[in-house]
Amino acid sequence: MGLYDLTLGRFSKDLGIDLGTANTVVYMKSLGIVLREPSIVAIEKNSSRVVAIGQEAKRMVGRTPGGIVAIRPMRDGVIADFDIVEGMLRSFIKRVIKRSRFIKPRIIIGVPSGITAVERRAVVDASMKAGAKETFLVTESMAAAIGSNFSIFEPQGNMIIDIGGGTTEVAVIALGGIVESRSIRVAGDEMDQAIMAHCRRNYNLLIGERTAEEIKIEIGSAYPMPVEKTMDVKGRDLVSGLPKYFTLSSAEVRDTLSEPVNTITDAIRMTLEKIPPELSSDLMEKGMVMTGGGSLLYGLDKYIAQETEMKVTVAEDPLSSVAYGTGKILEDMTRYKGVLMSSRDM
């Protein structure tokens with residue numbers, strides 16, 4: 001079957017996948033988003049047998065017995081454990097395609113623009129071994145732009161900032177291609193790590209990744225809140241080893257998050273500095289759009305707007321932009337063939 005053969009019609013089970021560091025979102029052609037699960041797998045240490053995948057595995061994070069470990073096989077947007085990612089993909093594909101032994105879907109996967117050829121090959125190999133008939137890759141920034149309803153083929157420039165769990169993708173797009181882009185491995189996970197380090201350094205208390213994420217969501221911010229908040233947090237005292245409560249304020253969490261937030265802002269600024277003047281004028285008029293879970297940090301849009309002196313808006317459904325983008329490509333692969341990398345080309 002040819003690269004852009006569209007004869008599968010309504011029986012097609014082709015999939016678009018946002019294979020993220022924190023979450024995996026699956027789009028099925030003609031049906032929309034059919035699965036959204038954490039990119040977490042729980043395995044037995046000794047046998048490497050998979051115990052749980054997705055939401056069930058996330059509930060085990062920080063609570064597993066000695067013989068079981070909950071791991072995230074995607075790190076910084078790329079595969080950290082090939083076999084586990086393959087098993088995770090296979091499980092997700094089986095959930096959305098019944099009788100998947102008999103149906104091999106074509107799959108489009110969003111990947112960071114900064115990944116190496118070896119890392120791209122690993123994503124394709126994992127997808128093929130998980131049951132794909134053919135795999136295509138698209139940069140997350142391009143998929144997010146398409147999913148955010150950008151007119152990517154117009155000569156006017158569009159700017160997208162996709163802040164995920166492991167990477168932040170910044171791109172300026174015009175005439176169906178990426179004019180300038182930057183991919184940094186600073187995003188939601190770095191924010192969580194900063195909160196954990198702050199609690200360890202200032203309170204001598206150890207908290208887990210789940211607790212750090214909850215703090216970020218509840219009282220994290222990049223811009224002063226109208227009314228500052230506090231949050232009671234439970235951690236383990238590093239001296240006594242006993243559980244202990246302490247209180248965090250939104251102001252100190254904001255200060256803690258300033259380093260990753262400024263790193264993201266610097267990446268945006270450096271991208272803007274490299275684009276042609278004509279596109280700069282387009283962006284001054286249109287502004288930029290943020291997607292990804294990291295874009296939901298309170299006040300991040302206001303902070304970036306203040307630092308860049310440009311209009312910043314958050315996509316309507318930032319958690320799904322990349323998946324929706326892969327879905328739109330699936331619906332019209334002939335139109336979007338120029339943005340795809342095929343497994344045959346690797």
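Note that the numbering runs from 1 along the sequence shown for the chain. Computation of the quantities below employed the complete heavy-atom set of this structure, encompassing side-chain atoms and omitting hydrogens, waters and symmetry-equivalent molecules. Note that the structure is predicted; figures quoted are calculated from it, not measured.
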Within this structure, what is the [atom1]-[atom2] distance for the pair [X] and [Y], rounded to the nearest 0.5 Å?
{"X": "Glu273", "Y": "Ser280", "atom1": "CD", "atom2": "OG", "value": "10.0 Å"}
{"X": "Ile160", "Y": "Met290", "atom1": "CD1", "atom2": "CE", "value": "10.0 Å"}
{"X": "Thr313", "Y": "Ile161", "atom1": "OG1", "atom2": "CD1", "value": "9.0 Å"}
{"X": "Lys216", "Y": "Glu209", "atom1": "NZ", "atom2": "CD", "value": "10.0 Å"}
{"X": "Ile43", "Y": "Arg49", "atom1": "CD1", "atom2": "CZ", "value": "11.0 Å"}
{"X": "Leu340", "Y": "Leu330", "atom1": "CG", "atom2": "CG", "value": "8.5 Å"}

Treat each ILVMFWY residue as a node, draw an edge where side-chain heavy atoms are under 4.5 Å apart, and state whether Tyr303 and Ile163 are in one component.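 In one cluster with Tyr303: Ile163, yes.
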
Considering all heavy atoms, the nearest Pro155-Asp282 contact: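 For Pro155 versus Asp282, the nearest heavy atoms are O-OD2, 4.2 Å.
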
Kindly give the heavy-atom pair with the smallest separation between Ile173 and Ala145, and that separation in Å.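 Where Ile173 meets Ala145 most closely, the heavy atoms are CD1-CB, 3.5 Å.
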
More than 12 non-hydrogen atoms from neighbouring residues, nucleotides or ligands closer than 6.0 Å to [atom1] on [X], yes or no?
{"X": "Glu228", "atom1": "CD", "value": "yes"}
{"X": "Gln55", "atom1": "CD", "value": "yes"}
{"X": "Gln306", "atom1": "CD", "value": "yes"}
{"X": "Arg236", "atom1": "CZ", "value": "no"}

Taking NZ, NE, NH1 and NH2 as the nitrogens, is one of them in [X] or [Y] under 4.0 Å from a carboxylate oxygen of the other?
{"X": "Lys286", "Y": "Glu154", "result": "no"}
{"X": "Arg269", "Y": "Glu307", "result": "yes"}
{"X": "Asp125", "Y": "Lys129", "result": "no"}

Modelled atom types, side-chain donor and acceptor of [X] and [Y], under 3.5 Å:
{"X": "Ser39", "Y": "Asn23", "value": "no"}
{"X": "Ser321", "Y": "Thr291", "value": "no"}
{"X": "Thr24", "Y": "Glu37", "value": "no"}

For Phe153, enumerate each residue passing the ring pair (Phe, Tyr, Trp, His ring centres under 6.0 Å) test, keeping only those at least two apart in sequence or located in another chain.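 By the ring pair (Phe, Tyr, Trp, His ring centres under 6.0 Å) rule, Phe153 matches Tyr336.
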
Given Ile108, Leu89, Thr326, Val25, the one that forms side chain to side chain contact (heavy atoms under 4.5 Å, CB included) with Ile17: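 In the set Ile108, Leu89, Thr326, Val25, the residue that makes a side chain to side chain contact (heavy atoms under 4.5 Å, CB included) with Ile17 is Leu89.
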
Please lay out, stage by stage, how Cys199 and Thr256 fare under the test side chain to side chain contact (heavy atoms under 4.5 Å, CB included). CA-CA 10 Å; Cys199 295; Thr256 298; over 6 Å; no

